[in-house]
Every structure is written in structure tokens, then in C-alpha cells.
Amino acid sequence: MLKVHLPDGSVKEYSHRVRPLDIAAEIGPRLAKATMAAQVDGRLIGADGLLPEDGELSLRLLTKKDSESLDVMRHSCAHVMARAVMRLFPGTQLAFGPTIDNGFYYDFQLEHKLSEEDFPKIEAEMAKIVKADEPFERVELAHDNARQLFAELGQTLKVEHLEDGLKDESQVSFYRQGEFIDLCRGPHIPSPGAIGACKLLSVAGAYWKSDSSKQQLQRLYGTAWFEKKELDDYLLRVEEAKRRDHRVLGRQLELFMIEPNVGSGLVFWLPKGAVVRRELENFLYGELIRRGYHPVYTPVIGNVRLYETSGHFPYYKDAQFPPIEMEDGDRYLLRPMNCPHHITIYQSKPRSYRDLPLRLAEFGHVHRFEQSGELNGMTRVRGFTQDDAHIFCTEDQVADEFRGCIEMTQLVLQTLGLDDYRVRLGFRDPASDKYVGNPETWDKAEAALTQVCGELDLPNVRIERGEAAFYGPKADFVVTDCIGREWQLGTVQLDYNLPGKQRFGLEYIGPDNAPHQPAMIHRAPFGSFERFVGVLIEHFAGAFPLWLAPEQVRVMVVSQKVEDYGRQVQKRLAEAGLRVTGDYRAEKIGAKIRDAQLELIPYMFVLGGREAEEGKVAVRDRLQGDMGAIPVEEAIAKLQTEIREKTIRHVVKGSAGLGHKTEANAY
RNA sequence: GCUAGCGUAGCUCAAUCGGCAGAGCAGCUGAUUUGUAAUCAGCAGGUUGUGGGUUCAAGUCCCUCCGCUAGCUCCA
């Protein structure tokens, strides 16, 4: 006897084996038709999944209205796409085809080079399959039989996966739809007729089992929705996201440029971008001084020996610009990190426990030779400036110092309205030989980090093995941008290894008059100015809050007759410390306003004969339009308050994935 | 680095089958003196990423290199 609890509180009992679909049919034929999948005690299963004979369970029938159904349908759509590709290109080998945010992909191995020109053909074939609406049938087979089946079908990648990843499974499942059979855990929707609208998005290379030493496959990306309108909305959102791409806005708004004749991945900060950066630097410097950091400046190159000691050179040789070879045999490296230089300052004189914690801060420019395919606007470059600092402290001070770093990072993100982020605790992978130091030291560092993070109110903390730096574990702040990409920005890293005897052998004299080894914390709340500003441009869609805006207010005159008054007001605003320009062209006021709106200037002061007579300015707000005329000094005070308070007047509503990103910044 | 696609004026893009490189915006000059998102007219702007090849003829076809884009791999 099986007891089934339904969400409405009702309970049904069965003495025979039933499937969710049977239960749906019992409730009503419309529901049976609408059922896409089911949830049993919170676990997703297919509508045709046989429920146990005895016991008690809670069942939810999932229809198109339930968000869980969307993923199930998209996975089915991946099968439909694979079936279409196999029909069009016989001999296609199937790899993996999972669901991702807003869509799905499928990896294939085939002779034909897929390109966007093939998309219409594939989509047409998919449409036929959807229209035919043949059911997805789940079949379970013993491991050996499955292996034999896929060997006969010539699906060698699937056979390899059965022998490798699934070698311990005694029984495996696959799904059949017409002539198409695929090894698959499921679940699927009952039949593809429910796929309302789907579209192929792109094709790209991907390595078999994510291993760059293995063969490269062709990956087709697609998206699918229950309703055509949802697909259209999604495509609109993608377009909107493209418009706020920091590379596009960076050029339009003259914030930065990258000139291939100088070098890939090397950033030029143009005057307007430099203003944004300088404001951020000033903000950070204020915080650093308040928190007892000492700013330092150190060389941007150094003898290779230094980086051999730190380990950076041997570990990241291929990702660095090659050393400069001198005639006397010395070799100098463009520094890839600032820590060895700050360590050198620490070592420059004997240190007492009374000096600790010692916090050395530097906006240090570093160079790394990133692979060409990794370069991306400001977010992945070959020369960048870290808002770096290194804290040298005693064992007892580690927790407090670490907490201080996390809090400063949170303050920074909060100040800029970046609240869509998660914290990744990067720990070592015990199986890897990438890490320096002994396991006990690592365990100590990881335990300290876990404890501190546990005490703080951090969102979405997740431990990821294998994500540590080679010298220590870290807490990375990973921010999601407007098109659903994640960027590692701030980082706080705990290091017992570089100060250790095997590396730099740092010491301080303790109260017991004996030498001790200090601990080190590496931290950067922004990560790098380049990447941070890149993400910030997308976050604000180029419309910075007043305190960051390159141009805060533009004075514009209705006619050149009031130019003198305009210049007077402009001068007064500049004296008050505002970043101001004036538009005195022989243009109509509408044209001047339009230009300023497109340049995303937060405030416009419109001046005509009336304002000149009364000593006022007509304030036009970029977001709200005409605010009416007020005295000049009142307008200045209003803007100064907004600057001082770092007000954010419009925030992108962050959420995971492009599908949920909604347009928020009107511009 | 790998796979695929793409490189035309400062920007966004056009150029039929291989047949005289073109438009809008921006820029410059002149006229206009304007009240809350584009006034009008004129002028100028190019070694079609680079080097080679095929052809009577190449922006267009082929090869090399460089760069960019998407994804993969990597990220101290």
C-alpha cells in the first residue's frame, strides 16, 4: 500500500504500482496533459517514473507554471537537437548535453564543421521532431547490456563514459525517442510537443570531459521556452545586456581603450575613465588609512631570484612575460605579484611583536601574460593594478585581521551597490601536487578561515576544493554581472607558507625574546582596478553615481545671449569642487539636452533669461527630467550632499543568470 | 593555447555573380539665437587589418601572419 500526500493536503492510497501521470489523470485529464514532471519528497522524477509499491511519500505534479519544469523541458530539447543533428549528419558521436542557465548545450564529435549557416537546417529538423511529438521513453539496462548497445550504435564516447565515469553503476538508464537513443539519467518531459519555442544560439569548441589534453568537440548552445513570447523576451534581454557591455560603453563614453599596436590586454585609461578610477582610489585610500594601513611604493620589476624564492616564477612561468636578460647574467621579471616586494620591506629591519600587525598597502601594477583567448576588455588583461595589501601578524591576530579584511571588502561592495555576489572558499585539493607547504599548515589555515567566515554574515559561502592559491587558502568574492557572467573581484588569502623557512623565513621577536614566524594575509577588496571598473561599467550601464561620474553637471544656455551668466555659473560650480562643463554652442536647447542625456551626465543646469535675472538654475535630472529652477547655491548644496553620501539612485537588480536580469537603468 | 566566426572612414553599417568603395552619426565651415531628447546647408574624411597568390579585373576567391568576438582550457 502506497500513501501519497499532495500539496493541497489531500492523501491518496494505492494498492497497485502507479506513476505520477496516473495520479494526474485521476485528478483530471487536463492536469494529466499539463504534467511535465513530478517531485517526490523534493526529488525530481519523470511523469512516467514508477512510484514505490509501499510506504508514504509527498508528491508534487509539475506543470509549465513550475520553474523546475523548464529545466526538464530544456534537457528534452537538448535531446531533440541531438536527434536533429544526427539525422542531418550521420555518424555524429554524442558526448554530453546538459541544461545550463537559460538553456542547454550538447557536445558532438562529427566530421562536418558546424557553423551558424547550419542552424536553420537544424532548427527546421527540430521543429519536425517537436511537431511529431513522439514520447520520450525511459529504459533501464544492466551496465554490460548498455555498453554493448552503445558499442553497436557506434557511440564510442558513451562507451568510454560507461567504462570510466559510470563503471560502478550496475544499472544505467537511457531515453529513447523514435530512432534516437541516448544514455541519460533524465528526467524528461512526456513528449517534445510542450517545447513552445527554441533557438540555437552559438557553436563553439569544448574539450571532451573538460580536459584540454583530450580531443575537442563541437558544442551547440540553444535556449528553449514554453511560450514564444518568453523566447522573444529572453532575446531582448540578451540584446539589452550587449548594450551595456563595458567594452562598448567604454568606447562610447571614452572611459578606456586598448590599442593592439601597443599590445593586447594593455589598458589605456582615458581622462574620463581616469576620473572614475581616481575617485575609487581616493575612497579606498581613506579606508586604508582609517584601518591602520601604511601606503608604500615598490618597483614594478625585480630580480628573478625573488620570484624563485616566492615560488611565483616556477609556478607560473608560462603565464608571465619572459624575464629581461642582462649582459651580466642577471634576469629581471616584470612583477606578477606585489607580495615579494612587501615581504622585502618587512625583512628590511628586525621586527618585534609590538610592531604587529604590520599592514603594507600599495596600488601595485603587475603584469601577467594571459593566454590570448582569455583576454576580455578590462576584465581579463595583461597589465593591471591591484588594490593590494599584505598584513604581517602573529598567530593570535589572524582571526581579527582576516575579519577586518572581509568587512572592508563587504563595505566596498555595499558602497557600490554590488549585492549580487557569493563567497568562494578556495581550499587545496589534497590530491594535487600544486601546493607548497605541509598538510598540517594547510589544515590550520583552512580551519582558521572556515571559523572566521562562519562568524560573519556572508552570503552563499561555498567551499571549493582545488581553488586555493598555491601558498594558501582564500576567500574570493565572486560578483555576477549583467549578462550572468561571474567575476572574481575581491579576495582575502591566508598564507603560512611564504613567511615560512622554506620560502622567505620571516621572523619577529616575541615577548619571550625568541624569534617566531609571522602569518601573512594577502587581500584586495577590488581585486584590480581594471576588472573592477569593467564590471562597474556594466553594473551601472555606464551611468555612474554622482560621486563617480566623470562629468557631474553640464551647464547649458538656452541662447548665446546668456552665455556670460552661464560661464559665471560654471565657474562657481568648479570652485565648489564639482566636475562641470558648459555647452554654449549655437544649438537648440533640445539638442544640448539630448547630447548630455546620451553622455549619461547626471545633472544639467539649463539657463535662460529668467534664470539669469533671478540668479537661479533650472535643474534637469538625467533620470527624472526637469526639476524646476532653484538658486545656484541651493543646487550646489544638493549635489554636494549626493556626492558626500555616495548615493546610488538606481541599482541593477542582481540575480543569478541572464534570464532573471531585468532592465533597470533607464538611459 | 584550442575550435569556430569576424576584420570596410573616429563610430554604426552598406557595396548584387569578382566589374568605378558608399551612407548615417561624429568632425570642420557657414547660416540660424533657439526654453527641456536631434535647426539647415556645405566641406572633408579610405593603402577595405598585414604580407603574398589567382585573375583582364579582388573589399569580394585562396594562403600566411596580426587582431577581435563566442565558447573551451587557464587565472598567483
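Order of the sequence lines fixes the chain letters, A, B, ..., with proteins taken first and strands second; residue numbering starts at 1 for each chain. None of these values were measured; they are calculated from a predicted model.
- Spacing between atom CD1 of A:Ile601 and atom P of B:rU36 amounts to 19 Å, rounded to whole angstrom units.
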Might you list the N or O atoms of the protein lying below 3.5 Å from N or O atoms in nucleotides 2-4 of chain B, with each pair's distance?
| from | atom 1 | to | atom 2 | distance (Å) |
| --- | --- | --- | --- | --- |
| B:rC2 | O2' | A:Gln216 | OE1 | 2.1 |
| B:rC2 | O2 | A:Gln216 | NE2 | 2.9 |
| B:rU3 | O4' | A:Gln216 | OE1 | 2.7 |
| B:rU3 | O2 | A:Gly205 | N | 3.4 |
| B:rA4 | OP1 | A:Lys113 | NZ | 3.3 |

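- In this view, A:Asp495 satisfies the salt bridge (Lys or Arg N to Asp or Glu O under 4.0 Å) rule with no residue, not counting sequence neighbours.
- With B:rU36, B:rU69, B:rA76 as the choices, the nucleotide that has an atom nearest any side-chain atom of A:Arg247 turns out to be B:rU69.
- In this structure, of B:rU34, B:rU36, B:rU73, it is B:rU73 that holds the atom nearest to the side chain of A:Gln371.
- Using a 4.0 Å heavy-atom criterion, one finds that A:Pro260 contacts the sugar-phosphate atoms exclusively.
- Put simply, A:Arg251 has no side-chain N or O that comes within less than 4.0 Å of OP1 or OP2 on B:rG10.
- Under the side chain to side chain contact (heavy atoms under 4.5 Å, CB included) criterion, A:Ile345 pairs with A:Val296, A:Thr298, A:Arg351, A:Leu360, not counting sequence neighbours.
- Using a distance-only test at 3.5 Å, with no hydrogens or angles considered, a donor-acceptor pair links the side chain of A:Arg74 to the main chain of A:Ala224.
- For A:Pro602, the side chain to side chain contact (heavy atoms under 4.5 Å, CB included) test picks out A:Leu546, A:Ala549, with sequence neighbours left out.
- Contacts of A:Lys272 classified as salt bridge (Lys or Arg N to Asp or Glu O under 4.0 Å), with partners at least two apart in sequence or in another chain: A:Glu599.
- For A:Ser264, a side-chain nitrogen or oxygen approaches OP1 or OP2 of B:rC68 to under 4.0 Å.
- In this structure, A:Tyr106 has its ring center no closer than 6.0 Å to that of A:Phe104.
- Across all strands shown, A:Gly311 has no heavy atoms under 4.0 Å from either base or sugar-phosphate atoms.
- A:Tyr471 comes within 4.0 angstrom of the backbone, heavy atoms only, and of no base.
- In this view, A:Glu614 and A:Lys616 satisfy the side chain to side chain contact (heavy atoms under 4.5 Å, CB included) rule, not counting sequence neighbours.
- Geometrically, A:Arg531 does not engage A:Phe526 in a cation-pi contact defined by less than 6.0 Å to the ring centre and at most 45° from the axis.
- Among the heavy atoms of the strands lying under 4.0 Å from A:Arg219 are primed sugar atoms or P, OP1, OP2 only; no base atom is included.
- Nucleotide B:rC72 holds its P atom 17 Å from the CD atom of A:Gln215, rounded to whole Å.
- Within the 4.0 angstrom heavy-atom criterion, base atoms lie near A:Ile593.
- In this structure, A:Leu200 atom CG and B:rG71 atom P are separated by 16 Å, rounded to whole Å.
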Each base of RNA chain B marked ( ) or [ ] if paired in-strand (Watson-Crick or G-U under 3.5 Å), | if paired to another strand and . if unpaired gives (((((((..((((.....[..)))).(((((.......))))).....(.(((..]....))).))))))))....
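- When only modelled atom types and interatomic distance are considered, A:Gln109 and A:Trp208 share no side-chain donor-acceptor pair under 3.5 Å.
- Comparing B:rU73, B:rG35, B:rC75 by their nearest atom to the side chain of A:Arg610 picks out B:rG35.
- One can place CG of A:Asp118 at 10 Å from P of B:rG5, the figure rounded to the nearest angstrom.
- Interface remark: the A:Glu611 side chain does form a donor-acceptor pair with the B:rG35 base, using a distance-only criterion of under 3.5 Å.
- Considering only residues two or more places apart in sequence or on other chains, A:Thr441 meets the side chain to side chain contact (heavy atoms under 4.5 Å, CB included) condition with A:Asn438, A:Tyr496, A:Asn497.
- A:His246 has its NE2 atom 13 Å from the C1' atom of B:rU69, to the nearest Å.
- Judged as a ring-ring contact (aromatic ring centres under 6.0 Å, His included), not a single pair has a partner in residues 581-632 of chain A (not counting sequence neighbours).
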Tabulate atom names and distances for all N/O pairs under 3.5 angstrom spanning the protein and nucleotides 27-33 of chain B.
| from | atom 1 | to | atom 2 | distance (Å) |
| --- | --- | --- | --- | --- |
| B:rU33 | O2 | A:Gln560 | N | 3.0 |
| B:rU33 | N3 | A:Gln560 | OE1 | 2.4 |
| B:rU33 | O4 | A:Gln560 | OE1 | 2.5 |

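- Under the salt bridge (Lys or Arg N to Asp or Glu O under 4.0 Å) criterion, A:Asp318 pairs with no residue, sequence neighbours left out.
- Across all strands, A:Ser210 comes closer than 4.0 Å only to sugar-phosphate atoms, never to a base (heavy-atom distances).
- Each of A:His312 and A:Leu607 has a nearest nucleotide on RNA chain B; the 5'-most of these lies closest to A:Leu607.
- Between the side chain of A:Arg368 and the base of B:rC74 there is no donor-acceptor pair of N/O atoms closer than 3.5 Å.
- Look at the C1' atom in both B:rG27 and B:rA9: the space between them is 12 Å, to the nearest Å.
- Considering only the side chain of A:Gln320, B:rA76 comes nearest among B:rC75, B:rA76, B:rU36.
- A:Asp118 pairs by the salt bridge (Lys or Arg N to Asp or Glu O under 4.0 Å) definition with A:Lys121, not counting sequence neighbours.
- Comparing A:Ala591 and A:Lys474, the nucleotide of RNA chain B nearest to each residue sits closer to the 5' end for A:Ala591.
- Looking at heavy-atom distances under 4.0 Å, A:Ala596 makes no contact with the nucleic acid at all.
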*Could you walk me through whether A:His390 and A:Tyr346 pass the ring pair (Phe, Tyr, Trp, His ring centres under 6.0 Å) check?*
CA-CA 10 Å; A:His390 295 91; A:Tyr346 182 89; over 10 Å; no
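- Of the candidates B:rU73, B:rA70, B:rA76, the closest approach to any side-chain atom of A:Tyr316 belongs to B:rA76.
- Without hydrogens or angle criteria, A:Glu446 side chain to A:Phe427 main chain gives no donor-acceptor distance under 3.5 Å.
- OP1 and OP2 of B:rA76 both lie 4.0 Å or more from every side-chain N or O belonging to A:Asn338.
- Nucleotides B:rU48 and B:rU36 have their P atoms positioned 47 Å apart, rounded to a whole Å.
- Nearest to the side-chain atoms of A:Tyr221 among the listed nucleotides B:rA76, B:rG71, B:rU73 stands B:rG71.
- As rounded to whole Å, 16 Å separates atom P of B:rC75 from atom CG of A:Leu375.
- Atom CD1 in A:Ile589 sits roughly 11 Å away from atom C1' in B:rA37 (whole-Å rounding).
- Nucleic acid contact for A:Glu117: none, since no nucleic acid atom lies under 4.0 Å from a heavy atom of the residue.
- Going from the C1' atom of B:rC74 to that of B:rC2 covers 12 Å, rounded to whole Å.
- Side-chain atoms of A:Ala618 lie closest to B:rU36 of the nucleotides B:rU36, B:rC74, B:rA70.
- One can place CG of A:Leu220 at 14 Å from C1' of B:rC72, the figure rounded to the nearest angstrom.
- The residue A:Lys214 sits apart from the nucleic acid: no heavy atom pair falls under 4.0 Å.
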